[in-house]
Every structure is written in structure tokens, then in C-alpha cells.
Amino acid sequence: MNCQKCKGLMIEEQRPELAPESVVHRCINCGLVLDPLIQRNRLSSRPRKDSFMRAA
Ligand SMILES: [Zn+2]
């Protein structure tokens, strides 16, 4: 898997503080973190004022 930003190598990294079994991808080159859980939530959730404020 390559970074969307710099095409660098991305490694899997465990993030127990986010979710017990969550694994994110982190770019070892630029530090970009891809969180599949957060991305899924953004896609599935409707644009409500509540989530909009949290994102900002
Ligand atoms: Zn990168």
C-alpha cells in the first residue's frame, strides 16, 4: 500500500486508543495516517450539523 499524498510506503499500525482492534495505515515518509474506521464513518453518516461541528 502506498501513500495517497507522497506515494511513500505505508505500514500498518495498531491504535488501541481509537478502538481495541483498530489498525490504521501510516506513511513512514510523510506521516499521513489513514484510518479505515473514520473514513467509513464519514462516508456512511449523513451530513448533519452534529458531525459537522465535530469535524471542524
Ligand atoms: Zn506519505
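Scope of the values below: all heavy atoms of this structure, side chains included, with no hydrogens, waters or symmetry mates. The residues of the chain are indexed from 1 along the displayed sequence. Start at 1 and go down the list; that is how both ligands and their atoms are numbered.
Under the 4.5 Å side-chain criterion, counting only non-hydrogen atoms from C-beta, Q4 is in contact with L34.
Take the Zn ion (ligand 1) and draw a sphere of radius 2.8 Å; the protein N/O/S atoms inside it number 4.
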Would you be so kind as to tabulate the donor-acceptor pairs closer than 3.5 Å made by side chains of residues 6-14, with sequence neighbours excluded?
{"from": "E13", "atom 1": "OE1", "to": "R15", "atom 2": "NE", "distance (Å)": "3.1"}
{"from": "E13", "atom 1": "OE1", "to": "R15", "atom 2": "NH2", "distance (Å)": "3.1"}
{"from": "E13", "atom 1": "OE1", "to": "R26", "atom 2": "NE", "distance (Å)": "3.2"}
{"from": "E13", "atom 1": "OE2", "to": "R26", "atom 2": "NE", "distance (Å)": "2.8"}
{"from": "E13", "atom 1": "OE2", "to": "R26", "atom 2": "NH2", "distance (Å)": "3.1"}

